[in-house]
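These notes concern the structure reproduced below.
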Amino acid sequence: MSETVYPVPAEIAANALIDNEKYLEMYQRSVSDPEGFWGEHGKRVDWIKPFTKVKNTSYDPHNVSIKWFEDGTLNVSANCVDRHVATRGDQPAIIWEGDDPSEHKVITYKELHHEVNKFANVLHACGVKKGDRVTIYLPMIPEAAYSMLACARIGAVHSIVFGGFSPDSLAQRISGCDSKVVITADEGLRGGRKVPLKANVDKAVAGLSVDKVVVVKRTGGDIAMKDGRDVWYHEEADRVSDHCEPVEMNAEDPLFILYTSGSTGQPKGVLHTTGGYLVYASMTHQYVFDYHDGEIYWCTADVGWVTGHSYIVYGPLANGATTLMFEGIPTYPSPSRFWDVCDKHKVNIFYTAPTAIRSLMGAGLEHVEKASLDTLRVLGTVGEPINPEAWNWYHDNIGKGRCPIVDTWWQTETGGILITPLPGATALKPGSATRPFFGVQPALVDAEGKILEGATEGNLVLLDSWPGQMRTVYGDHERFVQTYFSAYKGMYFSGDGCRRDEDGYYWITGRVDDVINVSGHRMGTAEVESSLVAHPKVSEAAVVGYPHDLKGQGIYVYVTLMAGEEPTDELKKELRDWVRKDIGPIASPDLIQFAPGLPKTRSGKIMRRILRKIAEDSFENLGDTSTLADPAVVDDLIDNRQNKH
Ligand code: WTA
């Protein structure tokens with residue numbers, strides 16, 4: 001396979017924070033002397049009481065424990081807001097671009113300070129105290145950032161739930177961390193359509209013990225307010241002062257919980273803490289995007305995902321950057337929206353998901369050609385592997401061949417980017433996340449956990465901790481140990497497969513567990529299965545991913561019906577709607593195949609390997625089917641496989 005290599009462009013190299021020589025030198029030090037390296041870089045944030053201990057971590061499955069800067073104290077909101085007010089009070093902190101192109105707002109650091117203080121006092125007035133959990137279910141409006149920072153200011157732990165999740169999914173995530181306060185908006189606005197956020201909250205909290213629902217007015221739509229429980233944010237804000245002292249937090253005090261899908265069971269609450277997370281989010285934001293003071297930086301993610309946490313809010317604001325926050329979708333009012341916004345706000349750094357690039361690529365070049373895009377300097381991608389075709393399109397048409405693309409590999413669990421090019425240091429290969437960030441020690445292992453050397457392929461593990469790593473699964477440390485540290489002794493297992501080439505570049509090949517990645521969103525196949533089997537007509541269900549041109553992976557569902565039920569197209573629609581309503585639109589199955597039986601071993605275990613192969617159309621190498629209880633089911637599955645188009 002011939003592979004194009006793109007060297008660092010000369011204009012980038014001339015001004016970059018890190019060149020290749022510096023990368024190699026810093027990387028070497030970061031892994032040979034992590035204490036010294038992080039002791040130094042830990043100082044990039046303001047500490048109330050400076051740390052004297054740097055790293056105290058163990059991957060021993062009998063005693064997994066991760067602590068960074070453990071005797072230091074700080075406040076995240078003071079770092080993201082207060083410390084910039086004196087030096088850059090009038091600089092935009094957030095540029096907010098509404099769903100409707102006629103709406104935008106610029107929030108300076110001074111204004112951000114005012115808003116965050118107000119919001120913090122409103123939370124106090126609602127009875128929120130240090131250590132309490134607060135669930136945030138907001139659209140992409142500035143209040144999302146204010147409320148996160150307000151929680152951090154008073155030491156409350158936020159748990160953001162993506163606005164696309166259903167009332168049931170929301171309820172699960174509220175009760176999972178026992179939040180007594182929920183922050184939402186009357187309605188969200190996406191692509192010109194209203195999202196009934198408050199109505200969803202009403203359904204979700206019925207039956208839960210939630211004391212207060214704080215409602216931000218976004219659309220002014222008609223909603224119900226429950227006396228004694230629901231309060232309007234703007235009314236409460238009028239009553240409180242705009243001064244709230246940031247609380248002194250220990251480096252290892254929780255900052256947030258974020259629910260994410262795993263290969264088994266229900267979503268788990270990934271817990272991130274204060275000091276290490278902030279050091280890592282801010283450092284990666286600065287170096288990975290080669291962020292220079294005064295630049296306009298835009299990450300198109302939603303704050304409901306980890307990318308929004310680390311690279312819309314915490315990383316950029318800790319660095320005193322200007323971060324653009326976009327309420328809408330890439331294709332509204334037309335597929336030129338992203339590029340129009342880049343021109344309108346003179347965006348220098350643009351970070352998005354491959355799935356968005358693929359869909360805009362499909363919309364045609366005429367939507368790009370109207371924009372000049374001449375302020376762009378660095379491009380990024382995140383969330384799923386990027387196919388070289390999409391990479392090239394992005395590079396040539398958006399970056400006009402002059403902007404490096406940082407393909408950033410990381411996870412909710414990692415808190416920040418782990419494998420990535422640095423714009424001024426790394427020659428690029430389309431489709432490769434290239435090399436580890438400072439302090440990150442990736443390795444590839446075989447099924448037995450043996451470390452593989454050189455150019456090879458295997459399961460991606462990390463051999464040592466970095467400051468942004470998750471600390472535990474909220475309320476279930478055992479699950480944390482089981483999920484990440486039990487497969488390979490002494491290593492963190494990512495769940496991803498990966499190839500390493502002759503140059504030591506990493507190429508993520510996708511999940512090797514029962515997690516699928518649909519349009520850059522993580523989905524546990526077990527979650528979709530449990531939703532399906534809850535339908536009265538479904539007896540059994542198995543869910544696998546299959547290659548999908550736009551989404552990266554699509555959701556392929558095998559369903560066995562209860563005796564006597566008819567396998568009709570109407571029923572397929574009913575099942576699709578069922579999952580959509582139960583989990584949310586992102587979990588909606590793409591293809592449903594009715595199967596009289598599923599391939600099982602004699603002990604009754606479903607052989608997913610076979611189901612995956614059939615969904616992928618690769619019937620030739622189904623592997624050994626002789627252990628199946630009834631090999632004939634496979635022929636039926638193949639004969640009735642669903643078409644992709
Ligand atoms: C996948 C998103 C290939 C991977 C930040 C990982 C990627 C999962 C990349 C985490 C990339 C993320 N190339 N695959 N650059 N970035 N992934 O938790 O499978 O939503 O394990 O975090 O997305 O998804 P999560």
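In each ligand, atom 1 is the first atom listed, and ligand 1 is the first ligand listed.
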Report summary line: Counting heavy atoms under 4.0 Å, the part of Pro385 that contacts ligand 1 is both
Query raised in the report: Looking only at N/O atoms, are Thr412 and ligand 1 under 3.5 Å apart anywhere?
Result: yes
Requested in this report: Say whether Gly383, considering both its backbone and side-chain N or O atoms, lies within less than 3.5 Å of an N or O atom on ligand 1.
Outcome: yes
Query raised in the report: ligand 1 versus Val515, non-hydrogen atoms closer than 4.0 Å: side chain, backbone, both, neither?
Result: neither
Requested in this report: Please work out whether the ring planes of Phe289 and Tyr311 are parallel, tilted or perpendicular, with thresholds of 30° and 60°.
Outcome: perpendicular
Query - Arg358/Glu384 salt bridge by N-O under 4.0 Å criterion - result: yes
Query raised in the report: When the aromatic ring centroids of His272 and His158 are compared, is their separation below 6.0 Å?
Result: no
**Report entry** Atoms in ligand 1 flagged as close to Val382, the criterion being non-hydrogen separation under 4.0 Å
**Finding:** 5 (C)
Report task. Record the part of Glu384 in heavy-atom contact with ligand 1 below 4.0 Å; permitted values are side chain, backbone, both and neither. Result -> backbone
Query raised in the report: Judged by non-hydrogen atoms, does Trp305 sit under 4.0 Å from ligand 1?
Result: no
Report summary line: The option among Tyr311, Trp410, Trp507 carrying the non-hydrogen atom nearest to atom 12 (C) of ligand 1 is Trp410
Query - Nearest protein heavy atom with distance in Å, relative to atom 4 (C) of ligand 1 - result: Asp496 OD2, 3.0 Å
Query - Contact (N/O only, under 3.5 Å) between Ser494 and ligand 1 - result: no
Report summary line: The atoms of ligand 1 lying under 4.0 Å from a heavy atom of Thr307, numbered in the order shown, are 5 (C)
Query raised in the report: Are any of the N or O atoms of Thr260 closer than 3.5 Å to those of ligand 1?
Result: no
Report task. Report the relative orientation of the aromatic rings in His41 and Trp38; use parallel for angles under 30°, tilted for 30 to 60°, perpendicular for over 60°. Result -> perpendicular
Query raised in the report: Charged N to carboxylate O under 4.0 angstrom, Lys429 versus Asp503?
Result: yes
Query raised in the report: With a 6.0 Å cut-off on ring centres, are Phe493 and Tyr484 close enough?
Result: no
Query raised in the report: So, for Phe438 and Tyr27, is the gap between ring centers shorter than 6.0 Å?
Result: no
Query raised in the report: In terms of ring plane angle, is the pair Phe326 and Trp298 parallel, tilted or perpendicular, where the classes change at 30° and 60°?
Result: perpendicular
**Report entry** Salt-bridge contact Glu252-Arg471 (side-chain N to carboxylate O under 4.0 Å)
**Finding:** yes
Report summary line: Taking only non-hydrogen atoms of Thr408 and a 4.0 Å limit, the atoms of ligand 1 in range are 9 (C), 11 (C), 15 (N), 16 (N)
Query - Sidechain-backbone polar pair: Thr420 side chain, Arg435 backbone, donor-acceptor under 3.5 Å - result: no
Query raised in the report: Hey, which atoms in ligand 1 end up nearer than 4.0 Å to a heavy atom of Asn517?
Result: 1 (C), 23 (O)
**Report entry** Any N/O pair Thr381/ligand 1 closer than 3.5 Å
**Finding:** no
Query raised in the report: What residue and atom, counting heavy atoms only, is the protein's closest point to atom 24 (O) of ligand 1, and at what distance?
Result: Arg522 CD, 3.2 Å
